[in-house]
A.B. asks: 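Sending over a structure as structure tokens; questions will come in a sec.
Just so it is clear, the model here is predicted, and its values are computed rather than measured. Residue numbers begin at 1 in each chain, while the letters A, B, ... track the order of the sequences.
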2 protein chains.
Amino acid sequence: MTTRKPGLRERTRQAVRSQLMEVAWDLFVQQGYDATTVDEIAAAAGMSQRSFFRYFATKEDVVLVKFEAVGELLASVLADRPASEDAWTALRHSFDVIVEATERDPRYGLALLRITDQSAALRAGRLEQQLHWQELLTPLVAERMNQPADPGPAALTAAALACLNVANIAWLVSDGTDSLRRLVDDAMAAVQPVRHDVAR
Amino acid sequence: MTTRKPGLRERTRQAVRSQLMEVAWDLFVQQGYDATTVDEIAAAAGMSQRSFFRYFATKEDVVLVKFEAVGELLASVLADRPASEDAWTALRHSFDVIVEATERDPRYGLALLRITDQSAALRAGRLEQQLHWQELLTPLVAERMNQPADPGPAALTAAALACLNVANIAWLVSDGTDSLRRLVDDAMAAVQPVRHDVAR
DNA sequence: ACAAAAATGTCAGCCACTGACACGTTGTGC
DNA sequence: GCACAACGTGTCAGTGGCTGACATTTTTGT
């Protein structure tokens with residue numbers, strides 16, 4: 001009884017969602033993304049296919065929602081970086097939340113990248129997610145630029161995310177052998193080498 | 001009769017393909033991408049749905065193949081740039097083939113961007129295409145870098161393509177009002193400002 | 001002219017996804 | 001307590017993209 005907090009109902013909904021995500025994750029790891037049907041996932045979670053689609057709009061979403069929170073996380077970290085940092089450096093540091101999470105549990109990150117690389121739809125979905133991150137980060141990047149003319153902040157943000165992406169893929173190719181931190185460093189350094197002239 | 005050249009058959013195949021592309025294009029422009037079924041396209045081209053899929057693997061492909069040739073075009077232009085140019089500048093100049101094509105026929109470019117923005121699948125597909133371009137350009141970029149350590153060339157290429165993409169989207173948002181050339185210039189300048197120190 | 005190869009249509013079927021409806025559960029106001 | 005509304009769920013039917021298999025009709029090489 002009692003709807004104590006704004007969301008007794010909402011909580012169960014979230015519980016079902018994460019249970020679906022878990023079940024789907026296991027199946028994807030075992031037999032691959034494409035080889036797993038929504039019917040299987042739903043059955044494994046004890047519900048009908050129709051109900052699955054009441055929790056996730058598409059099959060991809062069961063995986064892709066894992067990226068959703070990251071955008072806001074990146075944005076909040078970026079906003080908290082000291083104002084003295086230039087945009088590129090600040091972006092590099094905000095990416096550390098991803099790097100550190102990956103270092104904390106490399107196997108999870110590796111599995112996630114592996115799954116999202118299996119299907120064209122998922123690869124594409126990850127890129128779409130990054131577009132969303134870009135939208136979140138661009139205004140914050142603009143604040144750190146001298147003269148934020150229109151395409152500038154978005155370009156800088158997109159370039160940084162592209163570096164992150166390249167580093168991630170290189171890391172995936174190395175099977176997690178390489179240091180993701182180093183790869184991100186190198187990728188971003190290749191695009192914007194340390195500018196001593198600007199620094200002083 | 002007579003199989004004069006290595007590919008009379010191949011030519012008719014290409015003819016059918018481009019006819020399908022035209023028919024599909026018209027339908028997409030008229031009623032939108034999602035609202036157009038493959039059956040409609042096939043019928044309008046006078047063939048069965050099954051045959052459509054013998055020419056294009058997916059519905060998206062009817063649009064996306066338009067981007068395929070661009071990758072090789074970019075690569076060949078990039079390879080022909082003077083060896084004295086640094087990678088970023090050379091990339092900027094190779095993008096000019098796109099800029100100039102767009103200036104030559106802005107309406108086509110605009111329609112293409114509009115269509116590919118209608119559907120999530122197409123938006124994603126365009127990004128996937130860029131990944132392919134990236135693979136083609138990366139080795140050429142590596143040649144122009146001082147010390148092409150592993151993630152470097154890919155990162156630089158990806159960053160440049162990200163700039164191109166941002167410029168394209170900004171141009172689309174402006175309905176083709178802005179100068180695409182200027183947008184590309186600004187986007188790429190924002191990421192790698194002219195480095196006078198390196199130049200001399 | 002004839003046999004191999006290729007293009008096409010039809011049919012059946014899988015899978016992601018959606019709308020509609022009916023039923024049971026769960027809170028809400030009285 | 002109880003009726004009522006809201007919500008979650010299953011079932012069913014249907015659409016659209018896409019594929020394998022097979023039979024039929026062109027092409028094409030000799």
A.B. asks: Give me the ring orientation class for Y108(B) and W25(B): parallel if the planes are under 30° apart, tilted from 30 to 60°, perpendicular past 60°.
C.D. replies: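 Taking W25(B) first and then Y108(B), their aromatic rings lie parallel (interplane angle under 30°).
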A.B. asks: For R54(B), report the nucleic acid contact type (base, sugar-phosphate, nothing); a contact means any heavy atom under 4.0 Å.
C.D. replies: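 R54(B): base contact, heavy atoms under 4.0 Å.
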A.B. asks: Remember a base hit wins even if backbone is also touched, and classify Y55(A) as base, sugar-phosphate or nothing at under 4.0 Å, heavy atoms.
C.D. replies: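 Touches sugar-phosphate only.
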A.B. asks: Taking atom C1' of dG17(D) as reference, at what distance in whole Å does atom CG of D39(B) sit?
C.D. replies: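 Those two atoms, CG and C1', are 9 Å apart.
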A.B. asks: To the nearest Å, how far apart are D34(A) CG and dA16(C) P?
C.D. replies: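 Checked: the CG to P distance equals 9 Å.
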A.B. asks: Which part of the nucleic acid, if any, lies within contact of S51(A), taking any heavy atom under 4.0 Å across all strands shown: a base, the sugar-phosphate backbone alone, or nothing?
C.D. replies: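 Here S51(A) touches the backbone only, sparing every base.
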A.B. asks: If you measure from the Lys or Arg side-chain nitrogens to the Asp or Glu carboxylate oxygens, is any gap between R92(B) and D86(B) under 4.0 Å?
C.D. replies: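 A salt bridge is absent here (no side-chain N lies under 4.0 Å from a carboxylate O).
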A.B. asks: Using the salt bridge (Lys or Arg N to Asp or Glu O under 4.0 Å) rule, pick out the option among R181(B), R104(B), R81(B) that qualifies with D96(B).
C.D. replies: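 Passing option: R181(B).
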A.B. asks: How long is the straight-line distance from CG of D61(B) back to CG of L20(B), given to the nearest 0.5 Å?
C.D. replies: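 Those atoms lie 12.0 Å apart.
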A.B. asks: Taking atom P of dC7(D) as reference, at what distance in whole Å does atom CZ of R13(A) sit?
C.D. replies: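 Spelled out: CZ on R13(A) to P on dC7(D) is 12 Å.
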A.B. asks: Given dG16(D), dA16(C), dC18(D), identify the nucleotide with an atom nearest to the side chain of T58(B).
C.D. replies: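 Side chain of T58(B) sits closest to dC18(D).
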A.B. asks: Which whole-number value in Å describes the distance from Q49(A) CD to dT18(C) C1'?
C.D. replies: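 So the CD-C1' distance, Q49(A) to dT18(C), works out to 10 Å.
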A.B. asks: To the nearest Å, how far apart are F52(A) CZ and dC15(C) C1'?
C.D. replies: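 My rounded result for the distance is 13 Å.
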A.B. asks: In whole angstroms, how far is the C1' atom of dT24(D) from the CE atom of M47(B)?
C.D. replies: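 Nearest whole value for this atom pair: 17 Å.
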A.B. asks: Return the nearest nucleotide to the side chain of F53(A); candidates are dC18(D), dT18(C), dA21(D).
C.D. replies: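 Nucleotide nearest to F53(A)'s side chain: dT18(C).
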A.B. asks: Between C1' on dG16(D) and OH on Y33(B), what's the gap in Å once rounded to a whole number?
C.D. replies: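 It works out to 11 Å between those atoms.
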A.B. asks: If you assign each of G46(B) and T37(A) to its closest nucleotide in DNA chain C, which residue comes earlier from the 5' end?
C.D. replies: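 Nearer the 5' end of the strand: G46(B).
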A.B. asks: Rounded to the nearest 0.5 Å, what separates atom OH in Y55(B) from atom CD1 in I41(B)?
C.D. replies: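 Result: 15.0 Å between the selected atoms.
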A.B. asks: Return the value, rounded to whole Å, for the distance between atom CD of E10(A) and atom C1' of dA6(D).
C.D. replies: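 Distance check: E10(A) CD to dA6(D) C1' gives 15 Å.
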